[in-house]
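As structure tokens, the structure follows; a few thoughts come after it.
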Amino acid sequence: MKTCLMASVATAMTLMATGSVAAQEKPGFKDTPMLPGGQWRVHDADRPAPVVVAPAATPGGPPADAVVLFDGRSLDSWKPDRIAWPIADGAVTIPSRAKSGGENNLVSKQSFGDVQMHLEFRSPNPPTKTSQDRGNSGIWFMQRYELQILDGSQNPTYADGTVGAVYGWKPPLVNASRRPGEWQTYDIVFERPRFAADGSLVRPAYVTALLNGVLVQNHQAMLGTTIWRQVASYKAHADAAPIQLQDHDSPVSFRNIWVRPLPEAAIAQDLKKDGK
């Protein structure tokens with residue numbers, strides 16, 4: 001009886017050990033061709049798995065690794081140029097310049113380089129002005145590179161200044177604007193420019209943007225720092241800088257603003273020597 005018991009225990013331990021080894025084996029192959037770059041094989045069993053990031057419980061919400069810049073309650077992540085932007089009903093609205101006394105942009109306290117950004121905005125309703133004076137604001141990445149916000153619903157203006165435009169450079173691929181007073185969404189990937197040690201441009205900034213779920217800019221190269229009525233150009237700067245929401249003296253409202261700083265691996269696929 002004792003011998004049988006010991007044999008059963010030994011068998012169980014063997015099965016447990018075998019199962020443990022099997023559980024530790026990684027699916028994949030080690031006899032397939034090498035992929036370009038010479039580091040990994042096709043379907044390589046040793047290639048690291050992606051980091052797990054929990055998505056938001058509801059569409060448009062911040063995923064687990066996001067930096068929430070505005071949650072409808074606090075502007076602790078921002079500083080205004082002049083006076084505070086008022087919060088009401090979960091949204092923050094640009095105050096009039098009659099109250100602020102001049103240009104009053106909202107600037108993030110934290111600096112960013114390459115980011116994924118989600119932002120929701122609403123143009124005032126009813127509209128009272130036209131063209132560039134109607135629902136005008138903008139997202140300035142690194143306080144330099146602007147993606148335009150404007151009331152684009154039945155509001156003629158110059159093409160490179162409408163909503164979805166890289167301001168002063170590229171019109172949006174389509175006009176996907178909602179009517180004034182309706183909430184609209186921006187989902188954006190911004191890739192910062194790269195500069196050499198001598199300050200020369202190695203790679204321009206790029207932007208990909210979806211307005212209300214519709215692609216309006218597809219990995220679009222940017223000409224440089226946004227400027228009115230002139231051609232943009234680059235001047236070397238740091239790898240990270242604040243994000244700015246523009247005050248253009250129009251009561252545009254915002255909510256649900258978050259960003260995800262992107263790793264070099266997200267950008268490096270078309271850069272020389274591992275993205276450097």
Side-chain angles (χ1 to χ4, degrees), residues 15-57 59-69 108 110-119 139 141-142 144-145 147 166 170 173 186-210 213 215-225 234-243 258-276:
L15 290 173
M16 289 175 64
T18 303
S20 178
V21 171
Q24 291 177 7
E25 290 180 353
K26 297 180 180 178
F29 300 88
K30 296 183 180 180
D31 60 351
T32 48
M34 297 298 295
L35 290 165
Q39 186 177 6
W40 305 111
R41 298 181 181 277
V42 177
H43 313 312
D44 201 316
D46 293 327
R47 196 167 188 175
V51 174
V52 175
V53 173
D65 64 347
V67 177
V68 177
L69 295 178
S108 69
Q110 188 170 342
S111 293
F112 302 95
D114 306 308
V115 290
Q116 172 190 345
M117 182 180 199
H118 176 89
L119 172 149
I139 306 165
F141 293 96
M142 309 189 87
R144 291 172 174 86
Y145 310 106
L147 189 65
V166 177
K170 282 292 181 178
L173 297 171
Y186 253 140
D187 288 285
I188 306 161
V189 173
F190 172 79
E191 303 172 30
R192 67 172 177 84
R194 266 66 177 174
F195 299 97
D198 64 0
S200 61
L201 182 69
V202 174
R203 181 179 186 269
Y206 286 90
V207 65
T208 299
L210 289 89
L215 185 70
V216 292
Q217 298 289 344
N218 186 27
H219 200 239
Q220 177 59 57
M222 305 179 88
L223 287 182
T225 299
Y234 284 99
K235 184 177 181 181
H237 56 75
D239 292 347
I243 293 171
W258 53 264
V259 298
R260 295 180 62 243
L262 298 177
E264 189 71 15
I267 313 301
Q269 62 269 22
D270 64 348
L271 296 178
K272 298 178 181 178
K273 295 182 180 179
D274 298 326
K276 296 180 181 178

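Here the CD-CG distance, from Q217 to L173, works out to 6.0 Å after rounding to the nearest 0.5 Å. One distance of note links OG1 of T208 with CD of E191; it measures 6.5 Å at 0.5 Å rounding. Residue I243 holds its CD1 atom at 4.5 Å from CE of M117, rounded to the nearest 0.5 Å. To the nearest 0.5 Å, atom CG of residue L119 and atom CG of residue L69 are 9.5 Å apart. A distance of 11.5 Å separates CZ in F190 from CD1 in I139, rounded to the nearest 0.5 Å. The structure places CZ of R203 at 9.5 Å from OH of Y234, a figure rounded to the nearest 0.5 Å.
With sequence neighbours excluded, the residues that form a side chain to side chain donor-acceptor pair (under 3.5 Å) with R260 are D65, Q116. Qualifying ring pair (Phe, Tyr, Trp, His ring centres under 6.0 Å) partners for F112, counting only residues two or more places apart in sequence or in other chains: none. Residues passing the side chain to side chain contact (heavy atoms under 4.5 Å, CB included) test with A236 are F195, sequence neighbours excluded. Listed by chain and residue number, nothing satisfies the side chain to side chain donor-acceptor pair (under 3.5 Å) test with D44 (two or more places apart in sequence, or in another chain). A search for side chain to side chain donor-acceptor pair (under 3.5 Å) contacts involving D198 returns S200, not counting sequence neighbours. Partners of H237 by side chain to side chain donor-acceptor pair (under 3.5 Å), not counting sequence neighbours, listed by chain and number: Y145.
Heavy atoms only, all atoms of each residue included: L210 and G213 are closest at CD2-O, 3.6 Å. Closest approach of D46 and K30 over heavy atoms only: OD2-CE, 3.6 Å. Closest approach of P261 to V67, counting heavy atoms only: CD-CG2, 4.1 Å. A209 approaches L147 most closely through the heavy-atom pair CB-CD2, 3.7 Å. Considering every non-hydrogen atom in both V53 and A64, the closest pair reads CG1-N, 4.1 Å. Counting all heavy atoms, side chain and backbone alike, A196 lies closest to V202 at N-CG2, 3.4 Å.
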*Is there a side-chain contact (heavy atoms from CB on, under 4.5 Å) between R194 and I267 once you walk through the steps?*
CA-CA 11 Å; R194 266 66 177 174; I267 313 301; 3.8 Å; yes
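Residues T225 and K235 fail the side-chain proximity criterion, which asks for heavy atoms closer than 4.5 Å. The side-chain heavy atoms of P193 and P204, taken from C-beta on, include no pair separated by under 4.5 Å.
With hydrogens and angles ignored, the 3.5 Å screen pairs a side-chain donor or acceptor of D114 with a backbone N or O of R192. Under the 3.5 Å distance criterion, the side-chain polar atoms of W40 are left unmatched by any main-chain donor or acceptor of P48.
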